[in-house]
Structures are given as C-alpha cells and as structure tokens.
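Following: one structure in structure tokens, then a few remarks.
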Amino acid sequence: MEKFLEKLSKETAIAFKEAGYDENLGKVGISNRPDLCEYQCNGAMAGAKIYKKAPIVIANEVAEKLKDSKAFSSIEVCPPGFINLNVSDEFLTEFVIEMNSANKYGVEEPAEKKRFMVDYGGPNVAKPLHVGHLRSAVIGESIKRIIRYMGHEAIGDIHLGDWGLQMGLVIAAFKEEHQDMVYFDDSYEGEYPKEAPFTVSDLEEIYPKASARSKEDAAFKDEAMACTKKLQDGVRGYRALWKHIINVSVADLKKNYDNLNVEFDLWKGESDVHDVIPGMVDYLKKGGYAHLSEGALVVDVKEDTDTKEIPPCMILKSDGASLYNTTDLATIMERKREYNPDSIIYLTDKRQELYFEQVFRCAKKTGLCDPKTKLVHIGFGTVNGKDGKPFKTRDGGVMRLEYLINDINEKMYEKISTGREMSEEEARSVSKTVALSAIKYGDLSNQASKDYIFDTERFMSFEGDTGPYLLYTVVRIKSILKKFAENGGNPDECKITANVSNASHKILLMKITGYNEMMEGAFEELAPHRICAYLYDLANVFNSFYHETKIIAEENEETKKSYIALLKLTLGICEDCMQCLGFEAPERM
Ligand code: ARG
C-alpha cells in the first residue's frame, strides 16, 4: 500500500506541474509547526533557485492549483514561500479505512524475498550471562523479528563461544581436582558417563577462578593451553568432558534466554568450524591472500581510501593457533556454503567495530564471502548505572543477568500485587510480562549505538516513555473492547466511518497513517528504536483521544462503532509493533 505522505505529495506534485514547475518539488512532509498546520510543502523555496522567481510567487501559483484538491481542507501560503496544509477528513479516513483492511496495515510484501542471518547473543559457555549480554540478545531478537515481519527470511544464530582457551581453562581446573576420572585416562577405551560430573553452578565457580589464576600462575596457564590443544586435537576424554560442559551450560542458557523471550534457530558455536579451518587457511595461502608477518599469518585489508589505520587481519598466531578472527572467517565461509545468505548481521559491543571491519574486508577480498552478501555490524553502546559508569552490582561486581531480571520481576510483583485484586498466580505472571517490557523497552528505545543508563525505577514506571506505559495503554484498549462485547457488541463487525469528531481524534488518525512508512524505515535502518518512538507517540495520541472522547457512552451508534473499529486498529498496530520488539501485553494489569 502507498504511504500517506506519498499520496499527499502526489496531489501537490500535480499542482506544481499544472503551474508549470517541476513536479518533483511537490514533496509533502509532516509539519514542523503543528501550531500552524498539519503538513507542509517547501518546494517553492527550492523552485525559486531553479526558476529565478520569488518563492512566494511560486507558492501562490501552486496553492491556486491545489484549491480543488480533495486531499486538503486548507491550503495557506506563508512567507517566504511555505505551503501549509491541513488534510481533509475524507482523504484521511479513506486512507485509514484502506489500511484497516490491508495486510499488515499497509506494509507491503517485498518484491524479492531475502535471506538474512542474524548473529546475536554470543554468550560464552561456562560463564554466566551478565548485563553486557542483554543488548545483543534484545536488539538481535528485535531485528530478527522486524526482518520476518517485513516478509523476509531471518535465521538467528547464537554463535556460542565454546572453543579455545576458555574451555581449556575449565578443563585444567577441573582436572586438578579430579585427576583420576576416566576423562583423563588416555588409555581408556570404554564409554564415558552420561551424567555430567558438575552442575552449572560448579562451572560458574570454576571458570572465573581459573581465568584469574591463569594470569598469575604460568604453570597453570601452560596446563590450560595443553588441555586446549588436547581438546582441539580430538582426544576422546577431553572431548567427552567438553560435551558435558556444553550440555550443562546450554541448558542453563536456554532457560535464561527463554525468560527474555529470545529464541535462536541455530545453536552453533565457534567449535563448529574447527574442522574447516585448516582447509580455509590452505585456501588463503594458495590464493596468495595471506602472508607471514613476524611469524603470524595475516591478510592485508587496508585500502587507499582509508582515513585511519586498518591493521591486517590475523589468521593464525605465530604458534599456529587460531583466533577469534579465524573462527569468524570460517563461520562466514560455512554460512555461505550452508545458507548462502543475502546478508549477515552481527550484534556486538561497538568496541568490536574495527575488528569486524577487518574481518569483513578480509572475507570480501578473499572470496570467503559471496560478493552479493552484505556483512553488517551493529555495534551497541554500554549499559551504565545511574553513576554513568558501566552497570555493576552494589559491591562493584559484574551484574548477572539472571539476578537483574529476578530483581525486576520481584519489584514489579510488589507493584502489581498491591492495590489490585488478582490471584497470586496471575499477579506473578502479569508482573513477569510487564517486567520484561520494562527491560526490553528500556533498552530498545535507545538508538543502539548510544550508551544508556539502566534506571530500574524509571523503566518500571507506568507513566512516561516506558514499556509498562505502553502495556497499560494496550490493556486499556483491550478492556474497552471487552466492555463493548459484554454489552452485546461485536468489534469485528464495526466499521471506521468518514466522521472525525474532534482534534484528538484527527491526530490519532494521522499518527496511524504513518505506520507503514515507519516500519519500512525501521527495517531499512535495522532500528528498533524507531518502532519504540512510534509506539510511544501512538500511545500518547490514543490516550488524549480516550480522555477527550466518550466511547462506550457515545449515543450515536454508528459513531460508537467507528470508534470501536479505530480502537481495534490501534490495538492491532500496537501489537504488531510489540511483536517486533519482542514483548507483549497481558490481558489486564
Ligand atoms: N562470544 C563473543 C564475546 O563474548 C561474542 C561473539 C559475537 N559474534 C561473533 N560472530 N563474533 O565477545
């Protein structure tokens, strides 16, 4: 379906043409002086330069031609040559009626369906998720959903950090305490136990200790590297133990991501490309792409147009070990072979920006990646505490995501269960739903690249630019619709009519018209915050309408039904937006 602003622009384009000017001057935008008009066209100003005429003259001539247009209820020329426009009720309602019956409220299906891979989450096995993992999960999930909503295919891959020294460290530390377990008996040929010899809490204790120790204790570090090598060489006992680490850790990660309403299609990890790395290295050498530099194997990726220093992309360290780069390049190669995506989108902290620039250039230059495949890195900012420094626990430690979520769930439960008649069970489930919206909206409403302050109190508030406020608005609409149904009405049979009752009614209708344009923009820019901004505006204009208009008490049956249909449309749009953001509203709250 056409965009509303395009439709308005068409009207003014015709007027420009009829007045003897270039029709491309007839672009209409939302007014930046809402006190003066609803829409505006500034084409006369640009036209003045081309036609060497005063803009006011052009504007007046165009306004004259617009007089008979059905689209506008008022056309006013303002010095030096603005054309201020108000839309007519008929034109406006006609568009909203069309939206109401269109698929996805007027968001078009793509001419060509594309395949996107979204690489997000990126947790490391055996380490608990901390607050730094929130953004990748929440933004990545939303981007995946936006892509799907737009009618494309999106494959979400968690890309686990499940290989390399971090695994060797856990194994080495465990080995020290359990020397005599079969996993470490190289002559053992039987089956290994099915049951893991540790729990996730054990792992969470082992890893940080081992990691800290390796920085001070050289012998231990050597042992961890030896364990890493044995694991990577495929020594059976080490592989078996590693499998246990993965299984225990992944089960726990699934639980945590479930709580965030985040779902991956692929649970692949760095380890999955281990076997293809030698072939890839060979290819890079044979193709003449890689060369030795101080013992390390590198690919030069700098370009003449660079304004900053872009160091070479390292493929193998001087001891022949692979690195983070190596696995990412091999993963690109495998993704091409298995999925041949049109685009791969990565979500990580923005401090990895240069790193991805190197990897992407290397992949393109060497042909590891198909020329048509777009590689996109979305680097996000830091989650800060109220003091403006990275979010920490009260005693200065890293905040575990699980604790943070539990804490907000608990606070929300207190809020919801006081002063409301709800069973304990319902209050628990409602507060979880609302808490999730607080966390996700608090994050997503910021432009991804910016840092933001995680302000629990503010995020949880039922007023202002927050998730709970949006949910509250949605619940309000649902309850009016329910009341209408209880009184014997059927919202599905209600129709929007051409009648516009008051100013806030018109503003609501105008906000609704921007939906398809906003959604397409959010997709083009991969920017969930655009949906958040729209949703917040929509909620505000809806609430003004609600406060100024009798809905259920409206006496004119046709008008009442038109309101109900408009509420249903508003609800549908809100729900689609929330679906794309990755949270939902309860039935009541
Ligand atoms: N595991 C990595 C980390 O903790 C993030 C992985 C991001 N994805 C990627 N393809 N490199 O930093």
Side-chain angles (χ1 to χ4, degrees), residues 120-124 127-143 204 253 255-262 347-353 378-416 430-472 526-533 535-536 539 578 580-585 589:
Y120 69 112
N124 296 314
K127 285 195 224 173
L129 293 178
H130 58 79
V131 67
H133 290 105
L134 183 70
R135 302 210 74 186
S136 182
V138 168
I139 304 170
E141 179 70 21
S142 174
I143 286 177
E204 286 172 358
L253 287 170
K255 191 188 80 193
N256 277 287
Y257 283 116
D258 263 0
N259 281 335
L260 278 172
N261 217 348
V262 167
L347 285 118
T348 76
D349 189 304
K350 68 181 170 199
R351 282 171 291 190
Q352 293 192 32
E353 207 156 316
I378 299 181
F380 48 77
T382 313
V383 181
N384 288 327
K386 274 189 184 167
D387 57 1
K389 299 202 186 100
F391 198 91
K392 290 268 155 59
T393 56
R394 217 165 285 190
D395 51 21
V398 188
M399 181 56 122
R400 278 183 64 161
L401 195 52
E402 196 181 348
Y403 298 163
L404 181 72
I405 296 172
N406 287 347
D407 178 50
I408 296 177
N409 279 346
E410 211 44 52
K411 286 195 177 119
M412 193 56 87
Y413 173 73
E414 271 165 38
K415 220 172 158 151
I416 299 266
V430 168
S431 45
K432 242 179 112 171
T433 307
V434 182
L436 189 64
S437 81
I439 298 170
K440 287 195 161 185
Y441 187 85
D443 189 308
L444 293 168
S445 54
N446 301 284
Q447 198 179 322
S449 62
K450 300 227 165 91
D451 299 347
Y452 75 88
I453 290 178
F454 198 98
D455 183 343
T456 315
E457 295 310 313
R458 187 173 78 76
F459 289 2
M460 283 181 24
S461 169
F462 283 29
E463 276 154 50
D465 190 7
T466 71
Y469 168 70
L470 299 172
L471 264 47
Y472 201 76
L526 301 171
H529 75 274
R530 290 202 46 182
I531 301 179
C532 294
L535 202 45
Y536 180 54
M578 292 192 305
C580 287
L581 295 174
F583 57 83
E584 58 195 11
M589 66 189 262

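Because the structure is a prediction, the values reported are computed rather than measured.
Atom CG of L129 sits about 8.5 Å away from atom CD of E402, to the nearest 0.5 Å. With rounding to the nearest 0.5 Å, the separation of CE in M412 from CD1 in I405 is 13.0 Å. Note that CG of L470 and CG of L535 are 4.5 Å apart. Values are rounded to the nearest 0.5 Å. With rounding to the nearest 0.5 Å, the separation of CZ in F454 from CG in L404 is 4.5 Å. Separating the CD1 atom in I439 from the CG atom in L260 is a distance of 6.5 Å, to the nearest 0.5 Å.
Pairs engaging residues 130-141 under the salt bridge (charged side-chain N to carboxylate O under 4.0 Å, His left out) rule: R135-D443, E141-K144, E141-R145 [sequence neighbours left out].
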Which atom pairs, donor and acceptor, lie under 3.5 Å between side-chain atoms of residues 382-392 and protein residues at least two apart or in another chain?
from	atom 1	to	atom 2	distance (Å)
N384	ND2	G388	O	3.4
D387	OD1	K389	N	2.9

Name each donor-acceptor pair under 3.5 Å that joins a side chain in residues 430-437 to protein atoms two or more places apart or in another chain, with its distance.
from	atom 1	to	atom 2	distance (Å)
S431	OG	A427	O	2.6
S431	OG	R428	O	3.1
T433	OG1	S429	O	3.0
S437	OG	V434	O	2.7

What pairs of donor and acceptor atoms, side-chain ones from residues 456-464 against any protein atom, are under 3.5 angstrom apart with sequence neighbours left out?
from	atom 1	to	atom 2	distance (Å)
S461	OG	E463	N	3.0
S461	OG	E463	O	3.0

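For the pair S445 (side chain) and H529 (backbone), a donor-acceptor distance under 3.5 Å is absent. Using modelled atom types, no side-chain atom of K440 and backbone atom of F583 make a donor-acceptor pair closer than 3.5 Å.
Taking each heavy atom of A137 and V262 in turn, the nearest pair found is O-CG2, 3.9 Å. What you find for S142 and L444 is that their closest heavy atoms are CB-CD2, 4.1 Å. For L526 against I143, the heavy-atom pair with the smallest separation is O-CD1, 3.7 Å. Shown here for F380 and I139, the closest heavy-atom pair between the two residues is CB-CD1, 4.0 Å.
Every residue two or more places apart in sequence or in another chain that forms a salt bridge (Lys or Arg N to Asp or Glu O under 4.0 Å) with E204 is listed here: R400. With sequence neighbours left out, the ring pair (Phe, Tyr, Trp, His ring centres under 6.0 Å) criterion links Y441 to no other residue.
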Please determine whether side chain to side chain contact (heavy atoms under 4.5 Å, CB included) holds for the pair L471 and M578, giving the CA-CA distance in whole Å, both sets of side-chain angles, and the decisive distance to 0.1 Å. CA-CA 9 Å; L471 264 47; M578 292 192 305; 3.7 Å; yes
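Contact check for Y120 versus I378: no side-chain heavy atoms found under the 4.5 Å cut-off.
A 6.0 Å sphere centred on OH of Y536 holds more than 12 heavy atoms belonging to other residues, nucleotides or ligands.
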